[in-house]
**Q** 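This is the structure I have questions about; it appears just below.
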Protein chains: 2
Amino acid sequence: MSTNARRSLRHRLADDLRALVLSGELAPGAQLPSEPELARRMRVSRSSLRSAIALLEEEGLLRPVHGSGTYVNDRPLLRDDLSRNLSGTEMIAATGRTPGARLTEARLEPAPPDVAAAFGLPDGTPLSALRRVRTADDQPVIDTTDWCRPEVLDPVAMADPVDGSVYRALAERGLAIHHGVATMRPAVADARIAERLEVPEGSLLLTLFQTDSTADGVVALVSLEIYRADAFLISVYRRGPGDDASA
Amino acid sequence: MSTNARRSLRHRLADDLRALVLSGELAPGAQLPSEPELARRMRVSRSSLRSAIALLEEEGLLRPVHGSGTYVNDRPLLRDDLSRNLSGTEMIAATGRTPGARLTEARLEPAPPDVAAAFGLPDGTPLSALRRVRTADDQPVIDTTDWCRPEVLDPVAMADPVDGSVYRALAERGLAIHHGVATMRPAVADARIAERLEVPEGSLLLTLFQTDSTADGVVALVSLEIYRADAFLISVYRRGPGDDASA
DNA sequence: GACGACAAGTTGTCTGACAACTCGGAACGG
DNA sequence: CCGTTCCGAGTTGTCAGACAACTTGTCGTC
């Protein structure tokens with residue numbers, strides 16, 4: 001069992017159980033030991049264990065059946081699940097390729113209308129902007145632009161290669177990202193993007209405009225990611241209607 | 001409090017709390033009554049209430065703070081959240097427009113390769129197929145095709161307007177959809193789609209290939225949905241990295 | 001063989017208690 | 001008067017044990 005402190009017990013337990021399932025120790029369809037038994041083994045109370053199981057149930061990984069037992073769902077494990085991974089790096093790494101970046105460029109620039117709107121600022125307010133072409137195995141796959149308030153992260157800090165991830169840099173400044181909302185649009189490559197992503201002009205692309213906020217709703221980061229349509233199969237896990245099949 | 005039986009108590013409680021928040025009764029940033037107090041008011045035990053709160057925390061709606069209280073996150077309310085709504089009808093209705101369908105056509109046809117693969121069947125296996133153009137305020141917006149095994153739903157039953165939703169028809173036959181996995185791709189309209197969706201040939205589209213499964217992993221429905229890019233802003237709520245900002 | 005009652009095992013919920021933590025204000029020292 | 005420390009009330013997190021509700025296989029009966 002992991003000894004990672006600072007995180008609620010049920011999340012740590014859930015991590016352990018998830019690892020158990022993903023490692024193949026618990027095959028899909030298999031039945032878990034009973035809750036009292038499992039709680040005893042993991043040295044926690046049954047209630048804490050139940051909280052962890054509830055998390056994994058919500059995640060779609062486990063399925064408790066009243067009176068019978070708790071079973072492992074053979075859920076398709078998504079490689080790049082949009083609703084779970086926030087960072088482009090993770091998405092690339094998840095497909096087994098080595099992530100990289102080129103053409104990194106950071107500067108202060110006036111906010112475009114939609115970016116300004118996401119921040120709730122007037123058009124043209126100067127923002128720190130970080131533009132990168134993300135690569136997978138040295139092949140360009142995503143063109144990303146990140147914006148944030150210059151008081152939080154100036155252009156130099158944004159491009160700082162030390163902490164790599166902008167998310168981590170924000171977290172260190174007390175702005176941990178809690179969630180993001182992404183809207184998707186199809187697009188075709190104009191001359192500029194075509195060159196950056198090394199695709200023919202007119203190629204199909206998927207653009208993703210994302211607003212990342214902290215837990216208390218402060219917009220901390222806005223980004224525009226342009227994906228090569230042929231490089232990614234962007235997937236989403238969608239929960240079913242489940243029960244409310246009324247009327 | 002809702003009296004909907006047949007559903008675990010914590011889910012019903014979560015529904016009630018969610019309704020409370022969404023109705024504006026509990027404003028974003030507001031603090032909930034303490035757990036013992038709230039449990040007393042809702043006539044349930046504190047443990048059940050806590051389970052419900054945990055659900056809404058995972059959903060991003062509430063934020064319990066150890067030692068302080070539980071607060072309402074001002075989460076952006078998505079109109080059409082991909083990860084939550086499964087049915088096209090719901091998505092249309094969620095934007096405030098009236099959903100409809102035209103050009104409904106159901107028949108038995110051999111499975112295309114990708115559909116067959118999703119079902120784990122050999123290419124060309126005959127499947128029930130239902131093709132529809134979904135409309136919003138009588139304007140065509142989505143071209144959908146649904147496939148399922150003919151033993152489960154024959155073409156006539158699929159097109160049956162009585163129960164309207166294919167999901168409901170499946171649920172009545174013991175195949176309640178538990179989750180789906182959708183992959184997205186940009187596309188351009190060919191002549192056939194252009195005519196069906198009433199857009200110029202070459203217009204940008206978003207295609208969504210989805211595999212819907214029951215809780216025990218049986219693939220019950222496969223569908224291909226072609227969205228007009230200008231009619232929908234498809235959004236996804238993405239959970240943040242939150243805690244594991246290690247190394 | 002079919003059917004029903006039963007018992008063992010499991011998850012769902014309840015109750016009460018204590019630990020861990022937050023936060024504001026009182027007490028104190030400068 | 002200001003800043004600091006300390007404390008206590010209030011809150012969420014975890015624990016323990018009990019019982020209710022449900023599933024499933026067994027066994028006896030017809």
Side-chain angles (χ1 to χ4, degrees), chain A residues 1-17 26 29-73 174 176 178 215-216 242-243, chain B residues 1-17 26 29-73 174 176 178 215-216 242-243:
Chain A
M1 162 173 164
S2 63
T3 51
N4 202 350
R6 277 291 98 75
R7 229 151 94 70
S8 82
L9 178 54
R10 67 165 184 275
H11 283 104
R12 279 178 286 153
L13 289 176
D15 288 346
D16 293 344
L17 283 177
L26 264 50
Q31 177 175 2
L32 262 63
S34 76
E35 293 177 354
E37 163 71 12
L38 197 53
R40 201 179 52 72
R41 277 201 225 167
M42 301 182 100
R43 314 296 184 85
V44 294
S45 75
R46 192 185 153 210
S47 26
S48 298
L49 174 65
R50 275 182 62 76
S51 301
I53 291 179
L55 283 181
L56 296 178
E57 176 190 8
E58 210 55 20
E59 216 169 276
L61 202 65
L62 295 182
R63 177 168 40 102
V65 180
H66 189 180
S68 169
T70 301
Y71 304 86
V72 178
N73 274 331
H178 175 258
D216 33 293
D243 354 58
Chain B
M1 161 173 160
S2 65
T3 52
N4 201 351
R6 276 293 96 77
R7 224 150 100 67
S8 80
L9 178 54
R10 67 165 182 273
H11 284 104
R12 279 178 286 154
L13 288 176
D15 287 346
D16 293 344
L17 283 177
L26 264 49
Q31 177 175 5
L32 262 63
S34 75
E35 293 176 353
E37 164 69 12
L38 196 53
R40 202 180 50 73
R41 276 201 226 167
M42 301 183 100
R43 313 297 184 85
V44 293
S45 73
R46 190 185 155 211
S47 33
S48 298
L49 173 65
R50 275 183 62 76
S51 302
I53 291 179
L55 283 181
L56 296 179
E57 177 190 7
E58 210 54 21
E59 219 169 272
L61 203 64
L62 294 184
R63 176 167 42 101
V65 179
H66 190 179
S68 169
T70 300
Y71 303 87
V72 178
N73 275 331
H178 175 259
D216 32 292
D243 358 59

**Q** To the nearest 0.5 angstrom, please state how far the OG1 atom of B:T70 sits from the CD atom of B:Q31.
**A**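 Those atoms lie 7.5 Å apart.
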**Q** Drop me the distance from A:L49's CG to A:L9's CG, to the nearest 0.5 angstrom.
**A**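 Nearest 0.5 Å value for the CG-CG distance: 9.5 Å.
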**Q** Taking only the side-chain heavy atoms of A:H66 (C-beta and beyond), determine which of D:dC22, D:dG13, D:dT24 contains the nearest atom.
**A** D:dC22
**Q** In whole angstroms, how far is the C1' atom of D:dG10 from the CG atom of B:L32?
**A**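 From B:L32 CG to D:dG10 C1': 15 Å.
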**Q** Please state how far atom CE in A:M42 lies from atom P in D:dC15, giving the value in whole angstrom units.
**A**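 Rounded to the whole Å, the gap is 12 Å.
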**Q** Side-chain N or O of B:S48 versus OP1/OP2 of C:dG12: is the shortest distance under 4.0 Å?
**A** no
**Q** Side-chain N or O of B:S51 versus OP1/OP2 of C:dT13: is the shortest distance under 4.0 Å?
**A** no
**Q** Work out which heavy atom in B:P33 is nearest to a heavy atom in B:L38; give both atom names and the distance.
**A** CG-CD1, 4.0 Å
**Q** Looking only at side-chain atoms of B:P36, point me to the closest of D:dT24, D:dT12, C:dT11.
**A**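 So the nucleotide nearest the side chain must be D:dT12.
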**Q** Over all heavy atoms of both residues, which pair between A:L32 and A:L26 is shortest? Give the atoms and the distance, please.
**A** CD1-CD2, 3.5 Å
**Q** Taking CG from A:L38 and C1' from C:dT11, how many angstroms apart are they, rounded to a whole number?
**A**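 Rounding to the nearest Å, CG of A:L38 and C1' of C:dT11 are 13 Å apart.
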**Q** Rounded to whole angstrom units, what separation is found between the CZ atom of A:R46 and the P atom of C:dA17?
**A**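 Those two atoms, CZ and P, are 21 Å apart.
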**Q** Expressed in angstrom and rounded to an integer, what is the separation of B:R40 atom CZ from D:dG10 atom P?
**A** 15 Å
**Q** Taking only the side-chain nitrogens and oxygens of A:S45, find out if one of them lies under 4.0 Å from OP1 or OP2 of D:dC15.
**A** yes
**Q** Between D:dT14, D:dT11, C:dT13, spot the one nearest the side chain of B:R50, thanks.
**A** D:dT14
**Q** Rounded to whole angstrom units, what separation is found between the CD atom of B:E35 and the P atom of C:dT13?
**A** 16 Å
**Q** Quickly work out the A:Y71 OH to D:dT23 C1' distance and round it to whole Å.
**A** 8 Å
**Q** If you check every side-chain atom of A:L9, which of C:dT10, C:dC14, D:dC15 has the closest atom?
**A**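 Comparing C:dT10, C:dC14, D:dC15 against the side chain of A:L9, the answer is D:dC15.
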**Q** Nearest whole Å is fine: how far is C:dC14 P from B:R10 CZ?
**A**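 To the nearest whole Å, that distance equals 12 Å.
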**Q** Which nucleotide in the list C:dG12, C:dC14, D:dT12 gets nearest to the side chain of B:S34?
**A** D:dT12
**Q** Flag the pair A:R10 and B:E57 as a salt bridge only when some basic side-chain nitrogen lies within less than 4.0 angstrom of an acidic carboxylate oxygen.
**A** yes
